[in-house]
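What follows is a short report on a single structure.
None of the values given here were measured: they were computed from a predicted structure. Here is the naming used below: chain letters follow the sequence lines, and residue numbers restart at 1 for every chain.
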Protein chains: 2
Amino acid sequence: MVDITDRKILSILQSNARVSHAEIGEKIGLSTSAVNRRIKILEQDGVISGYAAVLDGKKMGKGASVFVQVTLKTQRKPQLDEFERAVATTPEVVDCFLMTGEMDYLLRVVVQDAADYERVHHETLTQLPGVERVMSQFTIRRVFQKSGL
Amino acid sequence: MVDITDRKILSILQSNARVSHAEIGEKIGLSTSAVNRRIKILEQDGVISGYAAVLDGKKMGKGASVFVQVTLKTQRKPQLDEFERAVATTPEVVDCFLMTGEMDYLLRVVVQDAADYERVHHETLTQLPGVERVMSQFTIRRVFQKSGL
DNA sequence: GTTGAAACGCCTTATAC
DNA sequence: GTATAAGGCGTTTCAAC
């Protein structure tokens, strides 16, 4: 379904979603309308789920990422659902994965600094429903990110 | 520098970078040109660092995320730099953080499935320069992601 | 069925207020 | 910050392969 040409288009769109269809066509050797039609199909199929502005957290006072390992009291479905609903409404949590292994969830929390994280930690994270234990790992620096996946 | 109005604009652009300036203006009660001028300034100041297409990994045969904790043999700057340069060229690694605590780096690796990860693990990750130990944590499901930070 | 070309309409951008 | 005007781009339609 997604062929080589599609992947080239997707690769360009990952690094810059604002390049014109004409410019994409030049780079990969395709006409503007062909590029346009392929992108439209990729959007309809849900391969492209959306377009997002990439922000610089530091310039908004949100320069620190903290990884948070969460263990719940039980692993029963209703409790998982309840936790997931609650954590989704926490603005500082920008990523949430259900995990294998010792911890149940891995979150990435974006805050201003360590003091700001302390606030989020005891005001929000430890108050989420069903939480037994919270383990935090601070990042020093984001080396890179490849947006889009 | 970034006021409430800017934050409203950024919030809209995070969830959908394709809404027109006119539509943003309607939502927050501002004229099209005012929205345009603010966005331009946010781009110039680097608050908005870019725009990216958000892809559905599953539909591209890249549905599984694995978190990888990497410990290096030394923590001296040249070795860190060398590792960072090498890991940046590994296509499966979509995120890389320098960490505090026991491990040196935390990577997020996107692969097709466990078998695919095994390949990346012994062909690439363990071959990166200066790597002493690699610890993998598999995800079951991505609960959500808030794009842009 | 897929590609290339042209007309249309909307969005971005720039100027003036 | 608002209003208006012009240019560029995405969109759509149609013809050709």
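- In this structure, CG of A:Asp3 is placed 17 Å from P of C:dG1, rounded to the nearest angstrom.
- Evaluation of the salt bridge (charged side-chain N to carboxylate O under 4.0 Å, His left out) rule for A:Asp113 yields no partner, not counting sequence neighbours.
- Every pair passing ring-ring contact (aromatic ring centres under 6.0 Å, His included) that includes a residue from residues 66-94 of chain B is listed here, sequence neighbours excluded: A:Phe97-B:Phe67, B:Phe83-B:Tyr105.
- Rounded to an integer number of Å, the gap from B:Asn16 CG to C:dC11 C1' is 14 Å.
- OP1 or OP2 of D:dT12 sits under 4.0 Å from a side-chain N or O of A:Lys40.
- Near DNA chain D, defined here as any heavy-atom distance below 4.0 Å, the residues from residues 20-27 of chain A are A:Ser20, A:His21, listed numerically.
- Between A:Asn36 and the phosphate of D:dG10, there is no side-chain N or O to OP1/OP2 separation shorter than 4.0 Å.
- Per the geometry, CZ belonging to B:Arg18 stands 18 Å off P belonging to C:dC10, to the nearest Å.
- No continuous path of hydrophobic side-chain contacts links B:Val87 to B:Met103 [ILVMFWY only; heavy atoms under 4.5 Å].
- Salt bridge absent: B:Lys62 and B:Asp56 never bring a charged side-chain N and a carboxylate O closer than 4.0 Å.
- Using a cutoff of 4.0 Å between basic side-chain nitrogens and carboxylate oxygens, B:Arg108 and B:Glu92 are not scored as salt-bridged.
- Looking at residues two or more places apart in sequence or on another chain, you find no ring-ring contact (aromatic ring centres under 6.0 Å, His included) involving A:Phe144.
- Between the OH atom of B:Tyr51 and the P atom of D:dC9 there is a distance of 16 Å, given to the nearest Å.
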Nucleotide N/O to protein N/O under 3.5 Å, stretch nucleotides 3-5 of chain C:
residue : atom : partner : partner atom : Å
C:dT3   : OP2  : A:Arg37 : NH2          : 2.5
C:dG4   : OP2  : A:Ser31 : N            : 3.1
C:dG4   : OP2  : A:Ser31 : OG           : 2.8
C:dG4   : N7   : A:Ser33 : OG           : 2.9

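- Residue pairs meeting the salt bridge (Lys or Arg N to Asp or Glu O under 4.0 Å) criterion with at least one member in residues 79-91 of chain A, sequence neighbours excluded, are A:Lys77-A:Asp81, A:Glu84-B:Arg141.
- Among A:Gln69, A:Gln75, A:Arg133, A:Gln79, the single residue meeting the side chain to side chain donor-acceptor pair (under 3.5 Å) criterion with A:Asp104 is A:Gln75.
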